[in-house]
Amino acid sequence: MDLVTFDVVVIGGGPAGRALARACAHEGLHTAIVDRRPHRPWTATYGAWADELPPNTPTRAVSTTVRAYAREEHQIQRTYVVLDNAKLHELPDTVEVLQRPEPARYTFNATGARKGRAEQTAVGTVIESDSTETTLMDWRGNGDTFLYTVPLGANRVLVEETCLARRPGMPLQELRERLHARLAPGQEEERVRFPLDAPRAAGTAFGAAAGFIHPATGYSVATSLQLAPRVAGAIKANEDPRHVIWPMKARIVQAMRMRGLEALLRLSPDETLDFFEVFFRLEPEHQRAYLSGREDVKGTAAAMLALFRTAPGHLRWKLPR
């Protein structure tokens, strides 16, 4: 029988895995992370709502002006940030970096999302600009795709042609062609492809592997950063961390969000535009509940009901009730 070497071993050195490893080390747990390429920099851009993040989360760009365009322009009353990848990559000296797993009291799979059927895909380019505003969605143009524009700091802005949800996902080459039809290629390219309906990994998992990806937005990193200290605290207290990772309320909300994803996948490009026009006209608390209330059953239900009640008749029959 193998001797237990560590309290916690995290398999996967992405933002979720490293957040959990840092949190466990902070609790005094003997922690290791399995990362076969520990010095590889992250090239992805991770954005999040500021109010979703734990205090002192490192950021490299902040937008207090956030807009969305459907049929009309909408200003969203929330602050949006781009995370500082270099600082999120750091680990305390007490975390050991391994090339392969070793025995532990708890082993977490944080290797990323499993394969799903519905995907979000995007191709982005970095251009020079001094803009400090984020455009969360700009549906004006190609109908079934939108532009996502976010400042990166140092007079650099990422512009992405994004297909929010499709089964299967829109090919990256098609997105690249659409983007380049709008503007010339910039300094570097960013490609995005991940499942929106990936199943949770068997056993103890964390991050996208645990199913943290929001089916309507594709976001998961903020949830991982938020939950990592709670999971570490549960382990320290000899409690089952799975009750923190997927409490019953979160399971109910996830099921409701998956119904929303299925409805979105049934919409035509024109109906999608109408859908988001209705969504961005909802009260801010309804928008916030659906986008960020992972355990807010009442708020999520209220948001979905408000959307159904205010949607035009041609959309209602396609929306969850």
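The figures that follow rest on heavy atoms only: side chains count, while hydrogens, waters and symmetry mates do not. Sequence positions, counted from 1, serve as the residue numbers for this chain.
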*Asks:* Kindly indicate, with the supporting measurements, whether the criterion side-chain contact (heavy atoms from CB on, under 4.5 Å) is fulfilled by Val126 and Val157.
*Replies:* CA-CA 5 Å; Val126 177; Val157 169; over 6 Å; no
*Asks:* Can Ser292 and Arg78 be said to form a side-chain hydrogen bond (donor to acceptor under 3.5 Å, both in side chains), step by step?
*Replies:* CA-CA 12 Å; Ser292 304; Arg78 299 178 77 180; 2.9 Å; yes
*Asks:* Quick one: does Val8's side chain get under 4.5 Å of Ile235's, heavy atoms only?
*Replies:*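 Yes, their side chains come closer than 4.5 Å.
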*Asks:* With a 4.5 Å heavy-atom cut-off, do Glu177 and Pro171 have their side chains touching?
*Replies:* no
*Asks:* Just to verify, which of Phe276, Tyr148, Tyr69 counts as forming a ring pair (Phe, Tyr, Trp, His ring centres under 6.0 Å) with Trp139?
*Replies:* Phe276
*Asks:* Any salt bridge linking Arg182 with Glu161? Criterion: basic side-chain nitrogen under 4.0 Å from a carboxylate oxygen.
*Replies:*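 Salt bridge present between Arg182 and Glu161.
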*Asks:* Please round to the nearest 0.5 Å and tell me the distance separating atom CG of Asn155 and atom OG1 of Thr132.
*Replies:*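 It is 10.5 Å, given to the nearest 0.5 Å.
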*Asks:* Within a reach of under 6.0 Å around NE2 of His30, are more than 12 heavy atoms found that belong to other residues, nucleotides or ligands?
*Replies:*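 Above 12, so yes.
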*Asks:* Let me see the working for Gln287 and Gln77 under side-chain contact (heavy atoms from CB on, under 4.5 Å), right down to the final yes or no.
*Replies:* CA-CA 10 Å; Gln287 294 183 34; Gln77 302 300 320; over 6 Å; no
*Asks:* Decide whether a cation-pi geometry holds between Arg316 and Phe308; the criteria are a distance under 6.0 Å from NZ or CZ to the six-membered ring centre and an angle within 45° of the ring axis.
*Replies:* yes
*Asks:* Identify whether Tyr80 and Leu158 are in the same connected component of the hydrophobic contact network (ILVMFWY, side-chain heavy atoms under 4.5 Å).
*Replies:* yes
*Asks:* Is the positively charged end of Arg242 above the ring of Tyr106, judged by distance under 6.0 angstrom from the centroid and angle within 45° of the axis?
*Replies:*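 No cation-pi geometry.
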*Asks:* Honestly curious: do Phe194 and Val123 fall in one hydrophobic cluster under the side-chain, below-4.5 Å linking rule?
*Replies:* no
*Asks:* I'd like to know if the side chain of Thr272 reaches the main chain of Asp270, judged simply by a donor and an acceptor atom lying under 3.5 Å from each other, with no hydrogens or angles considered.
*Replies:*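 It does not hold such a pair.
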*Asks:* Does Glu133 form a side-chain hydrogen bond (donor to acceptor under 3.5 Å, both in side chains) with Ser63? I'd like the steps, not just the answer.
*Replies:* CA-CA 5 Å; Glu133 298 184 5; Ser63 295; over 6 Å; no
*Asks:* Would you call Arg178-Asp144 a salt bridge at under 4.0 Å N-O?
*Replies:*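 The answer is yes: the pair qualifies as a salt bridge.
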*Asks:* What about Val159 and Tyr46, same hydrophobic cluster or not, with Ile/Leu/Val/Met/Phe/Trp/Tyr joined at side-chain heavy-atom distances under 4.5 Å?
*Replies:* no
*Asks:* Treating Ile, Leu, Val, Met, Phe, Trp and Tyr as nodes and any side-chain heavy-atom pair under 4.5 angstrom as an edge, say whether Val82 and Leu147 lie in one connected cluster.
*Replies:*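 As far as the 4.5 Å side-chain criterion goes, Leu147 and Val82 are not connected within one cluster.
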*Asks:* Does the pair Lys236/Asp7 count as a salt bridge with the N-to-O cut at 4.0 Å?
*Replies:*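 Not counted as a salt bridge, because no side-chain N and carboxylate O are separated by less than 4.0 Å.
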*Asks:* To the nearest 0.5 Å, what is the distance between CD (Glu27) and CZ (Arg22)?
*Replies:*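 Taking CD in Glu27 and CZ in Arg22, the distance rounds to 14.0 Å.
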*Asks:* Is the shortest side-chain N to carboxylate O distance from Glu73 to Arg67 below 4.0 Å?
*Replies:*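 Salt bridge flag = yes for Arg67 with Glu73.
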*Asks:* Test side-chain hydrogen bond (donor to acceptor under 3.5 Å, both in side chains) on Arg251 and Gln254 and set out the steps.
*Replies:* CA-CA 5 Å; Arg251 292 173 182 265; Gln254 183 73 354; over 6 Å; no
*Asks:* Ring pair (Phe, Tyr, Trp, His ring centres under 6.0 Å) for Phe212 and Phe206? Distances and angles first, verdict last.
*Replies:* CA-CA 8 Å; Phe212 287 180; Phe206 192 74; 5.3 Å; yes
*Asks:* Trp49 versus Arg288: any side-chain heavy-atom pair under 4.5 Å?
*Replies:* no
*Asks:* Between Glu271 and Ser268, does a side-chain hydrogen bond (donor to acceptor under 3.5 Å, both in side chains) hold up when you go through it step by step?
*Replies:* CA-CA 5 Å; Glu271 290 170 336; Ser268 69; 3.3 Å; yes
*Asks:* Among Met256, Met258, Gln120, which one satisfies side-chain contact (heavy atoms from CB on, under 4.5 Å) with Pro215?
*Replies:* Met258
*Asks:* Could you tell me whether the side chain of Thr204 reaches within less than 4.5 Å of the side chain of Thr107, counting heavy atoms only?
*Replies:* no
*Asks:* Over all heavy atoms of both residues, which pair between Ala21 and Leu91 is shortest? Give the atoms and the distance, please.
*Replies:*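 Heavy atoms of Ala21 and Leu91 come nearest at CB-CD2, 4.2 Å.
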*Asks:* Within the distance-only criterion (no hydrogens, no angle test), does the side chain of Thr135 pair as donor or acceptor with the backbone N or O of Met137 below 3.5 angstrom?
*Replies:* no
*Asks:* Can Thr310 and Leu282 be said to form a side-chain contact (heavy atoms from CB on, under 4.5 Å), step by step?
*Replies:* CA-CA 9 Å; Thr310 55; Leu282 293 179; 4.0 Å; yes
*Asks:* Mark yes or no for whether Thr59, through its side chain, and Ala61, through its backbone, hold a donor-acceptor pair below 3.5 Å.
*Replies:*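 Here the side-chain-to-backbone pair does not exist.
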*Asks:* Can you confirm whether Leu315 sits close enough to Phe275 that some side-chain heavy atom of one is under 4.5 Å from a side-chain heavy atom of the other?
*Replies:*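 Yes, side chains in contact.
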*Asks:* Hey, are Arg167 and Glu119 close enough for a salt bridge, meaning a charged N less than 4.0 Å from a carboxylate O?
*Replies:*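 Not counted as a salt bridge, because no side-chain N and carboxylate O are separated by less than 4.0 Å.
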*Asks:* Between Arg281 and Glu72, does at least one N-O distance fall below 4.0 Å, as a salt bridge requires?
*Replies:*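 Salt bridge: yes.
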*Asks:* Using a 4.5 Å cut-off on heavy atoms from C-beta on, say whether the side chain of Arg191 contacts that of Arg176.
*Replies:*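 Counting from C-beta outward, Arg176 and Arg191 do come under 4.5 Å.
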*Asks:* Would Leu307 end up clustered with Val297 when hydrophobic side chains under 4.5 Å apart are linked, directly or stepwise?
*Replies:*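 Same cluster: Leu307 reaches Val297 through Ile, Leu, Val, Met, Phe, Trp or Tyr contacts under 4.5 Å.
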*Asks:* Do we see a donor-acceptor contact under 3.5 Å between the side chains of Glu190 and Thr45?
*Replies:*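 Their side chains do contain a donor-acceptor pair, which is all the 3.5 Å distance test asks for.
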*Asks:* State plainly whether the residues Arg230 and Glu295 are in salt-bridge range, i.e. N to O under 4.0 Å.
*Replies:*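 Looking at Glu295 together with Arg230, the answer is yes, because their closest N to O distance falls below 4.0 Å.
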*Asks:* Return the CG to CD1 distance between Leu261 and Ile213, rounded to the nearest 0.5 Å.
*Replies:*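 If we round to the nearest 0.5 Å, Leu261:CG and Ile213:CD1 are 11.5 Å apart.
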*Asks:* Any non-hydrogen side-chain atom of Phe279 less than 4.5 Å from a side-chain atom of Leu291?
*Replies:* yes
*Asks:* Using a 6.0 Å cut-off, check whether atom CZ of Arg71 has over 12 heavy atoms from anything other than its own residue.
*Replies:* yes
*Asks:* Does any part of the side chain of Arg156, heavy atoms only, come nearer than 4.5 Å to the side chain of Glu128, both counted from C-beta?
*Replies:* no
